[in-house]
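Below is one structure, written out as structure tokens; the observations come after it.
What you see is a predicted model, and the numbers here were worked out from it, not measured in a lab.
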Amino acid sequence: MDKKNALRAGALAAGTTLMMLLMSSPALALTRDDGDDPGPGLSVIQTLGLFVGLPLLLFLVITGLVMVLDKSKDRKPRASQDVDVKAKVDAKA
């Protein structure tokens, strides 16, 4: 009985996926809408600058501001200051 349910679920998922692919045809994207006025395309350098360089620069600026404006004085981890490390002596030795 499990095989029949799995087959039915697989057929339903495949059918749904096929219908979604057929309904969202990319050929409809070629038809321009009223008032649609696309601008010139971006070059490779402009695309990399816009989608890679600009976010990287923004990340670095935010990181720098956080580091500069941080008011805490103590930079050492607190856990390492409180740990007292002593060698254990083996009773059997």
Side-chain angles (χ1 to χ4, degrees):
M1 195 65 170
D2 268 345
K3 283 186 179 182
K4 191 181 286 188
N5 285 340
L7 186 62
R8 185 179 297 151
L12 181 66
T16 304
T17 304
L18 182 65
M19 289 302 295
M20 293 298 285
L21 285 173
L22 290 175
M23 296 291 286
S24 62
S25 174
L28 296 175
L30 296 176
T31 308
R32 296 281 180 214
D33 291 333
D34 290 338
D36 191 12
D37 188 20
L42 297 175
S43 70
V44 174
I45 300 299
Q46 289 172 333
T47 304
L48 287 175
L50 184 64
F51 294 109
V52 176
L54 197 63
L56 204 64
L57 179 69
L58 188 63
F59 174 78
L60 291 175
V61 167
I62 292 172
T63 303
L65 285 172
V66 167
M67 290 175 70
V68 167
L69 298 175
D70 188 18
K71 299 291 184 193
S72 62
K73 303 290 183 203
D74 187 17
R75 293 284 180 207
K76 294 181 182 177
R78 295 193 185 273
S80 66
Q81 294 173 354
D82 299 333
V83 174
D84 187 23
V85 178
K86 293 182 181 178
K88 290 184 179 181
V89 178
D90 223 0
K92 294 179 183 178

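The line from CD1 of I45 to CG of L50 is 13.0 Å long, rounded to the nearest 0.5 Å. Atom CG in L60 sits 11.0 Å away from atom CG in L65 (nearest 0.5 Å). In this structure, T17 OG1 and L21 CG are separated by 7.0 Å, a value rounded to the nearest 0.5 Å. Between the CG atom in L12 and the CG atom in L7 there is a gap of 11.5 Å [rounded to 0.5 Å]. The CG atom of L48 sits 10.5 Å away from atom CG of L42, with the distance rounded to the nearest 0.5 Å.
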Give the intermediate values and the outcome of side chain to side chain contact (heavy atoms under 4.5 Å, CB included) for residues D70 and V66. CA-CA 6 Å; D70 188 18; V66 167; 5.6 Å; no
